[in-house]
Amino acid sequence: MKLADMTVKDYLDLLKSDAPAPGGGSVSALTAAQGIGLVGMVAALTIGKERYRDFEAVCIAAKAEADALCEKLTLAIDKDTEAFNLVSAAYKLPKDTEELKAARSKAIADATLKATEVPFETLILCLEGLKVTAKLVGKSNPNAASDLGVAALNLLAGIKGAWLNVLINLPGVKDEAAKAGFEAGAAMVAEAEKLAAEIYESVKASL
């Protein structure tokens, strides 16, 4: 069964067990999915209400963006665990001959690249999510303003968690061009930290 299809309790029971996956990457994706889900909720609580008519267009656009990001982040929950399993399987390949050693090394390199790509994609989605969140601050139902603050916190946790999962795999990435691309994540994390702080402080000031 896919992680995203589990009950919350079953997922948490698996998470706290000695199973190595799901781990931090899947948790980061789930955390971010909850964050952007809140953004979709705030937009939905604004759309169609006469008193918030001035915010209608912004919220309709944000709702569509938030829903699409939530779907992608939900898929990332399982993609991260699947990528981890590929790495584990590659390390278990036989290495009795030079040919087998070479095949195993290639399989490990390929799997490690995938295991780095997945959290990097989560990182990008989280930053996009924070940008959508920022659009609704002061332009959505004020009764749900605190939810935007919580959304920003979850998306920031998602991006920072995803970045740690990129960093732990980065030494094993053999493709130098890919490695250079991943390192650009540091700037995205810094941008996310600044944006999340701005959202949080703006929301707090409005309460």
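No experiment lies behind these values; they were computed from the predicted model shown. Computed from heavy atoms alone, side chains included, the values below leave out hydrogens, waters and symmetry copies.
Leu127 shares a hydrophobic cluster with Leu113, Phe120, Leu123, Ile124, Leu156, Ile159, Trp163, Val166, Leu167, Leu170, Val173, Phe182, Met188, Val189; the chain of contacts runs through ILVMFWY side chains whose heavy atoms sit under 4.5 Å apart. Applying the 4.5 Å side-chain rule to ILVMFWY residues, one finds that Leu164 remains a lone member of its cluster. Met6 belongs to a hydrophobic cluster with Met1, Leu3, Val8, Tyr11, Leu12, Leu14, Leu15, Val27, Leu30, Ile77, counting contacts under 4.5 Å between side-chain heavy atoms of Ile, Leu, Val, Met, Phe, Trp and Tyr, direct or through other members. Hydrophobic cluster membership for Val87: Tyr91, Ile108 (Ile, Leu, Val, Met, Phe, Trp, Tyr linked by side-chain heavy atoms under 4.5 Å, directly or transitively).
Residues satisfying the side chain to side chain donor-acceptor pair (under 3.5 Å) test with Thr97, not counting sequence neighbours, are none. Under the side chain to side chain donor-acceptor pair (under 3.5 Å) criterion, Arg53 pairs with Glu50, sequence neighbours left out. Partners of Lys106 by side chain to side chain donor-acceptor pair (under 3.5 Å), not counting sequence neighbours, listed by chain and number: Asp110. Annotation: side chain to side chain donor-acceptor pair (under 3.5 Å) contacts of Thr81 (sequence neighbours excluded): Ser26.
Under the salt bridge (Lys or Arg N to Asp or Glu O under 4.0 Å) criterion, the residue pairs touching residues 77-91 are Lys2-Glu82, Lys79-Glu121, with sequence neighbours excluded. Contacts classified as salt bridge (Lys or Arg N to Asp or Glu O under 4.0 Å) and involving residues 158-175 (residues at least two apart or in different chains) are given here: Lys160-Glu193. Sorted by first and then second residue, the ring pair (Phe, Tyr, Trp, His ring centres under 6.0 Å) pairs involving residues 58-87 (not counting sequence neighbours) form an empty list.
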Trace of the salt bridge (charged side-chain N to carboxylate O under 4.0 Å, His left out) decision for Lys131 with Glu191: CA-CA 10 Å; Lys131 289 176 180 178; Glu191 182 181 355; 3.7 Å; yes
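Leu100 is not listed as a side-chain neighbour of Leu93, based on a closest heavy-atom distance of 4.5 Å or more.
To the nearest 0.5 angstrom, Leu130 atom CG is 10.5 Å from Glu198 atom CD. From Ile47, atom CD1 reaches atom NZ of Lys49 across 9.0 Å, with rounding to the nearest 0.5 Å. Atom CG of residue Asp67 and atom CE of residue Met41 lie 12.5 Å apart, to the nearest 0.5 angstrom.
Ion pairing of Lys101 with Glu98 is present here, as a side-chain N (NZ or NE/NH1/NH2) and a carboxylate O approach within less than 4.0 Å. Salt-bridge annotation for Glu183 and Lys179: absent, with no side-chain N of the basic residue lying under 4.0 Å from a carboxylate O of the acidic one.
For the 3.5 Å distance criterion, the side chains of Asn85 and Ser88 fail to qualify, holding no donor opposite an acceptor.
Remark: side-chain polar atoms of Glu56 are paired, donor with acceptor, to backbone N or O of Gly48 under 3.5 angstrom.
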List the atom pairs, donor and acceptor, that lie under 3.5 Å between side-chain atoms in residues 132-149 and the rest of the protein, sequence neighbours left out.
from: Thr133; atom 1: OG1; to: Gly129; atom 2: O; distance (Å): 2.7
from: Lys135; atom 1: NZ; to: Glu65; atom 2: OE1; distance (Å): 3.1
from: Lys135; atom 1: NZ; to: Glu65; atom 2: OE2; distance (Å): 3.3
from: Ser140; atom 1: OG; to: Leu136; atom 2: O; distance (Å): 2.8
from: Asn141; atom 1: OD1; to: Tyr52; atom 2: OH; distance (Å): 3.2
from: Asn141; atom 1: OD1; to: Asn143; atom 2: N; distance (Å): 2.9
from: Asn141; atom 1: OD1; to: Asn143; atom 2: ND2; distance (Å): 3.2
from: Asn141; atom 1: ND2; to: Leu45; atom 2: O; distance (Å): 3.0

